[in-house]
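As structure tokens, the structure follows; a few thoughts come after it.
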2 protein chains.
Amino acid sequence: MHAGLLPNVSVDLVVFGFDSVHLNILLIGRSIFYKGDLYHDWKFPGDLIRKDEDLDDASKRILRELTGIEKIYMKQLKAFGSLNRLTKRARDMDWLISIDHPENRVITIPYYSLVNLEKNGKNDLMLNENARWVPVNYVKTMELAFDHLEILEFALSTLRNEMRTKPLAFELLPQKFSLTQLQKIYEVIFETTLDKRNFRKKIANLSYIVPLNEQENDVSHRPAKLYMFSRDIYQRLKSRNFDFTI
Amino acid sequence: MHAGLLPNVSVDLVVFGFDSVHLNILLIGRSIFYKGDLYHDWKFPGDLIRKDEDLDDASKRILRELTGIEKIYMKQLKAFGSLNRLTKRARDMDWLISIDHPENRVITIPYYSLVNLEKNGKNDLMLNENARWVPVNYVKTMELAFDHLEILEFALSTLRNEMRTKPLAFELLPQKFSLTQLQKIYEVIFETTLDKRNFRKKIANLSYIVPLNEQENDVSHRPAKLYMFSRDIYQRLKSRNFDFTI
DNA sequence: CCAAAAGTGTTAGGAGTACACCCATGA
DNA sequence: TCATGGGTGTACTCCTAACACTTTTGG
């Protein structure tokens, strides 16, 4: 193990990527030989943190090292530190030794982050050959390492909670977006359907969602009007004690 | 430092206690001699965690050791791990050495908990002579150690958020309570005033707030009817996809 | 009988919800 | 001209917010 690392504290990343159809999660495939058998499962990107590194910097570093992405929305969830979180499955002990980390008590501090896959390129991210974007609903059928399923559930419910009162949807969209794209995000994340007219009525009342004099092009149907999110207007309203809810 | 402790991970407790008038915080007074001067400030109860101890168990242990209270509501906030959180003030380094903990990188995982001071006895808690219950608004004028002010702000905003959608108010009340007591909690925590009639109308629609055939006694005014919170009814409704909001 | 807090209804405005058809574009 | 998704209004219900007086008890 590298000497500059804290042996008992790690960071894991639940990276949500929206590709205008699905909400995806970035997972790293992992293969373990254990007692003659080959096991395959998936984990979040993550690493021990450095002794001279803030938690928030560690999470940014790990995402940058894996994907090259910088300046995206990222927020800490909470610490997960069960005694047996790394050692429930015997084969994981072998894996820890194989990556030169024979420490069995690691408290992990997961972050979730939001990426627009159109803008950031769904394929550009594949710097690590074992990394994959997987639709959230599909993840639930996969074998996740350690307590990563529990972390995912926590991340999802936190995301849903924060989406209700904060302008996070725009982190998942390109700068210019259509109202249908915006609506789709809420539908996918809350696993529901929304009424188009009611949704648009609500949006029309939000001064910080600004209509542009631009349209989609190259679509084989009536092109949608494009909008943008004005963080300036939003901040001004918010400081006047305003309550954002979509 | 005790050998059974993780050197880089601690737990801190933001204990909220409601005494039917104020929302209080449990603080530990701390005196430091540094370069000939005596400094006094306040910190949350907290300690390093044990190597063989879950995070949630550590927080319960620390509260129990200090106050004797068990089985109260307790929830993790998030990790605080700035590089300089312990070393911003030079005198704190001396203090760390004085308590036999010369490690300057400690990530702390704060919990908040809710205590009813009527039931648990505002004075019984004073097992530690340096411990005090301090009204939240007064805390803001006091000198808090390390990043404990930041942790307090985070705890308060988390508490407010959770109060909106979870039945936490009842953790701060005796088992039998009046509607005025209940209303007072929301008023104190949200620093607002509520209309008595509208508040009661809302409560009347909540089947899990059950009127009892009992009244206050020994009050020098019309005695209030007493109510209780039925967790059973609440759980049943919640599992049917119900949305608690006060 | 006084002080103190308990208890109680109505109304008006705003927000949410349900619902169906025409429009603009590319192929 | 067809397929595809874009764009629009109305009516009903329910929730919220504003507001003031009478009741019950102990002292």
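Keep in mind that what you see is a predicted model, and the values were worked out from it rather than measured. In what follows, chains carry the letters A, B, and so on, assigned in the order in which the sequence lines appear, proteins first and then strands, with residues in each chain numbered from 1.
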query: Is the distance from OP1 or OP2 of D/dT4 to the nearest side-chain N or O of A/Ser220 less than 4.0 Å?
result: no

query: When you check the phosphate oxygens OP1 and OP2 of D/dG5, does a side-chain N or O of A/Thr180 lie under 4.0 Å from one of them?
result: no

Can you give each donor-acceptor pair under 3.5 Å made by side-chain atoms of residues 188-196 of chain A, sequence neighbours left out, with the distance rounded to 0.1 Å?
| residue | atom | partner | partner atom | Å |
| --- | --- | --- | --- | --- |
| A/Asp195 | OD1 | A/Arg197 | N | 3.0 |
| A/Asp195 | OD1 | A/Asn198 | N | 2.9 |

query: Below 4.0 angstrom, N of the basic side chain to O of the carboxylate: do B/Glu171 and B/Arg231 qualify?
result: yes

Starting from [atom2] on [N], measure out to [atom1] on [X] and report it in whole angstrom.
| X | N | atom1 | atom2 | result |
| --- | --- | --- | --- | --- |
| A/His221 | D/dC2 | NE2 | C1' | 15 Å |
| A/Gln183 | D/dT8 | CD | C1' | 14 Å |
| A/Leu226 | D/dG7 | CG | P | 9 Å |
| A/Ile203 | C/dG16 | CD1 | P | 12 Å |
| B/Asp195 | C/dT10 | CG | C1' | 13 Å |
| B/Leu179 | C/dA5 | CG | C1' | 13 Å |
| B/Arg222 | D/dT25 | CZ | P | 7 Å |
| A/Asn217 | D/dT4 | CG | P | 21 Å |

Where the side chain of [X] is concerned, which of [options] is the nearest nucleotide?
| X | options | value |
| --- | --- | --- |
| B/Pro223 | D/dG7, D/dT16, D/dT25 | D/dT25 |
| A/Lys196 | C/dG9, D/dG7, D/dG27 | D/dG7 |
| B/Arg197 | D/dT4, C/dG9, C/dA24 | C/dG9 |
| B/Arg200 | D/dG7, C/dT8, C/dA18 | C/dT8 |

- prompt: side-chain contact (heavy atoms from CB on, under 4.5 Å) with A/Tyr111: which of A/Ile62, A/Leu77, A/Leu55?
  reply: A/Leu55

query: Is any side-chain N or O of B/Lys201 under 3.5 Å from a base N or O of C/dT10, one able to act as donor and the other as acceptor?
result: yes

- prompt: How do A/Asn198 and A/Gln215 order along DNA chain C: which one's closest nucleotide is nearer the 5' end?
  reply: A/Asn198

- request: Answer with base, sugar-phosphate or nothing: what part of the nucleic acid does B/Ser178 contact at a heavy-atom distance below 4.0 Å?
  value: nothing

message: Just to verify, what does A/Asp47 make a salt bridge (charged side-chain N to carboxylate O under 4.0 Å, His left out) with, not counting sequence neighbours?
response: A/Arg61

- prompt: What class does the angle between the rings of B/Phe177 and B/Phe170 fall in, given that below 30° is parallel, 30 to 60° is tilted and above 60° is perpendicular?
  reply: tilted

